[in-house]
Amino acid sequence: MTAFTAPRGIPDYLPPESAALLTVRDTLAEAARRAGYGYVELPVFEDTALFARGVGESTDVVSKEMYTFTDRGGRSVTLRPEGTAGVMRAVIEHGLDRGQLPVKLYYTGQFFRYERPQAGRYRQLLQVGVEAIGVDDPALDAEVIAVADAGYRALGLTGYRLELTSLGDSTCRPEYRERLQEFLRALPLDEETRRRAEINPLRVLDDKRPEVRELLADAPLMVDHLSPECREHYEEVKEHLTGLGVKFTENPRLVRGLDYYTKTAFEFVHDGLGAQSGIGGGGRYDGLMAQLGGQELSGIGFGLGVDRTLLAARAEGLAVGDEARCEVYCVPLGQAAKRQLVRIAAALRGAGVRVDLAYGGKGLKGAMKAAGRSGARLAVVAGDRDLEQDEVQLKDLRDGSQRAVGRAELLTTVKEALAG
RNA sequence: GAGGGUGUAGCUCAGUAGGUAGAGCACUGGGUUGUGGUCCCAGUUGUCGCGGGUUCAAAUCCCGUCAUCCUCCCCA
């Protein structure tokens, strides 16, 4: 007999840690909601070709990290490795792009990448993302970035930084790309890196090895070769961010792993996660819609890693999602009392109070211990003696004080005590 | 995909001239026949990651494998 284990590289989140994950996810999503983004719930898998064409065949994500399989109908489908392609597909399929623009959507859910697991790098990851489609306005770029920033701040994160750059567009990037390739071909690089220089030269700029960095010190940078229009766009984005009070540092070597990015690209970086430092990132993707068969519409969005943001919050020692699992704990003494307390617990729950009860044959001591462990503020203790008086004992678990309360007054008394 | 570290109780970990296992925490019960968080006592929990090899004998040595962590790579 073999014991089952979770699939490789995929964490199980259990209480109480799981509550923190939910808090992170909800806090980030709330930031999007406040900025007028509407929720989309989309398939977890899509036609494989959607990602191949949308994300880019040459990317690592598509070429070696996808969970691809053939379904019973013989179709090749893939567990989504990122969110934008699926959102674009849905927007085109349902004609949202023919309504009022921009289309502002947000999503949250699981994504899958077949990578070597590592701290902060999982094969199934939870992400919150937004997409704003159809308006190429630098103010919108700034809004998207500001939404992410607001989400992080709402969690109390402080130890992150925002890196920003512009990747140009179809009018200036091809020219720059060639110039960069020329530069790279002249360098004594290893074979692996040379290959990368041919496929995606921009990514070579991001090499971490010091000796390579040295070689690249004088490499031409995209930001110095932007078309006038892209330059103008970039300057305006920065101006808006400054106006919004969002701090950023320019990183002209910032690279995004997906092919579709144009102009604005950004990444939120945190140093508390080990080798994986990106907690969220995104950018503009003009041209993606058309590439997927839609209209020529621009778009900008981000994906924020919930798992990694949680790690960042832990690294900063933030108390996220530490709320006790219940507010009131019921301790029945004997069978008759249990019958009553079960009902009392249900009534309190109906009134919006979070309540648990000592089930099983726990002794009083054990039940009180459970009450303490539950984190509840109050315990409702009752035995035959109390019920004869039509009362229960209400104990404040913080200071240990206790008093008899008539059953009719219990709800209001509990609410007062919890509010106090 | 490449390199390295680690796998012993639910958790954190002890356990080398090879002799089939321990501590703390946790959990359960009791001290307190109706009161938790402190204290005291008692008790439960192990395929020593898995498989094979060497040996009279393997948690301990060897090989493989899986998992995990770290680095490269890549990204959220």
Side-chain angles (χ1 to χ4, degrees), chain A residues 1-3 5-11 14 24-25 28 55 59-65 80-84 108-129 148 160 190 192-193 196 200 203-204 206-209 212 254-258 267-270 273-282 302-312 329 331-334 337 358 360-387 392-402 404:
Chain A
M1 195 177 99
T2 48
T5 57
R8 172 152 207 234
I10 304 182
L14 309 172
V24 171
R25 185 245 266 159
L28 296 176
V55 178
T59 61
D60 282 22
V61 167
V62 170
S63 62
K64 50 192 190 196
E65 296 175 2
R80 58 185 182 187
E82 58 93 51
T84 303
T108 163
Q110 273 70 28
F111 295 85
F112 306 85
R113 289 180 198 172
Y114 194 90
E115 295 182 273
R116 185 77 176 255
Q118 193 174 320
R121 185 168 76 183
Y122 309 120
R123 291 184 168 182
Q124 174 178 308
L125 52 119
L126 187 58
Q127 202 167 302
V128 171
Y160 64 91
D190 61 281
E192 172 69 35
T193 309
R196 229 177 333 143
N200 192 338
R203 224 176 301 164
V204 177
D206 198 30
D207 203 302
K208 286 175 187 166
R209 292 169 293 183
V212 179
L254 178 65
V255 182
R256 305 264 68 216
L258 316 180
E267 184 163 328
F268 289 88
V269 180
H270 197 283
L273 323 182
Q276 307 305 321
S277 56
I279 56 174
F302 65 58
L304 310 181
V306 176
D307 310 78
R308 286 189 185 176
T309 302
L310 175 57
L311 290 174
Y329 199 91
V331 177
L333 302 167
K362 270 195 178 70
L364 174 61
K365 186 189 173 89
M368 283 309 296
K369 199 178 234 180
R373 297 275 154 77
S374 76
R377 175 85 181 279
L378 302 170
V380 172
V381 184
D384 299 339
R385 207 192 290 165
D386 307 292
L387 294 171
V392 297
Q393 300 296 323
L394 185 64
K395 177 163 186 165
D396 186 318
L397 290 168
R398 287 190 191 169
D399 60 23
S401 66
Q402 180 170 312

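FYI, side chains are in, hydrogens and waters are out, and symmetry mates aren't considered; it's all heavy atoms of this structure. A note on names: the letters A, B, ... follow the listed sequences, proteins ahead of strands, and every chain is numbered from 1.
- With both ends at atom P, the span from B:rC48 to B:rU38 equals 34 Å, rounded to whole Å.
- Comparing B:rC39 with B:rU44, their P atoms sit 22 Å apart, to the nearest whole Å.
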Secondary-structure notation, RNA chain B, from Watson-Crick and G-U pairs under 3.5 angstrom (| other strand): (((((((..((((.....[..)))).(((((.......))))).....(((((..]....))))))))))))....
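- Using a 4.5 Å heavy-atom threshold, the side chains of A:Asp207 and A:Arg196 count as touching.
- Remark: the separation of the C1' atoms in B:rA14 and B:rG7 is 15 Å, to the nearest Å.
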Using a 4.0 Å cut-off on protein heavy atoms (strictly under), produce a 5'-to-3' string for nucleotides 67-76 of chain B with B for base contact, S for backbone-only sugar-phosphate contact, and - for none. SSSSSBBBBB
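- Across the P atoms, B:rG34 and B:rA26 are found 25 Å apart, a figure rounded to whole Å.
- Between the C1' atoms of B:rU28 and B:rG36, the separation comes to 16 Å (whole Å).
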Which letters describe nucleotides 24-29 of chain B, given B = protein heavy atom under 4.0 Å from base, S = only from sugar-phosphate, - = neither? --SS--
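- Annotation: B:rG19 and B:rC73 have their C1' atoms spaced 47 Å apart (nearest Å).
- Taking the P atoms as reference points, B:rA42 lies 12 Å from B:rA23, given to the whole Å.
- Counting to the nearest Å, the P atom of B:rU35 and the CG atom of A:Leu394 are 17 Å from each other.
- Judged as a side chain to side chain contact (heavy atoms under 4.5 Å, CB included), and not counting sequence neighbours, the contacts of A:Ile279 are A:Tyr152, A:Leu157, A:Tyr160, A:Phe268, A:His270, A:Leu273, A:Arg308, A:Thr309, A:Ala312.
- The P atoms of B:rA58 and B:rC62 are separated by 15 Å, rounded to the nearest whole Å.
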I'd like to know whether A:Arg25 forms a side chain to side chain contact (heavy atoms under 4.5 Å, CB included) with A:Leu310, so could you lay out the CA-CA distance, the side-chain angles of the two residues, the decisive distance to 0.1 Å, and finally the verdict. CA-CA 9 Å; A:Arg25 185 245 266 159; A:Leu310 175 57; over 6 Å; no
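- Side chain A:Gln393 to base B:rU35: no donor-acceptor pair is found below 3.5 Å.
- Applying the salt bridge (charged side-chain N to carboxylate O under 4.0 Å, His left out) rule to A:Lys64 yields the partners A:Asp60; only residues at least two apart in sequence or on another chain are considered.
- Contacts of A:Gly400 with the nucleic acid, taken as non-hydrogen atoms under 4.0 Å apart, include base atoms.
- Between the C1' atom of B:rG1 and the OH atom of A:Tyr114 lies a distance of 11 Å, rounded to the nearest Å.
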Return all side-chain donor-acceptor pairs below 3.5 angstrom for residues 112-119 of chain A, not counting sequence neighbours, or 'none' if the list is empty.
from     : atom 1 : to       : atom 2 : distance (Å)
A:Arg113 : NE     : A:Pro81  : O      : 2.8
A:Arg113 : NH2    : A:Pro81  : O      : 2.8
A:Gln118 : OE1    : A:Arg121 : NH2    : 3.4

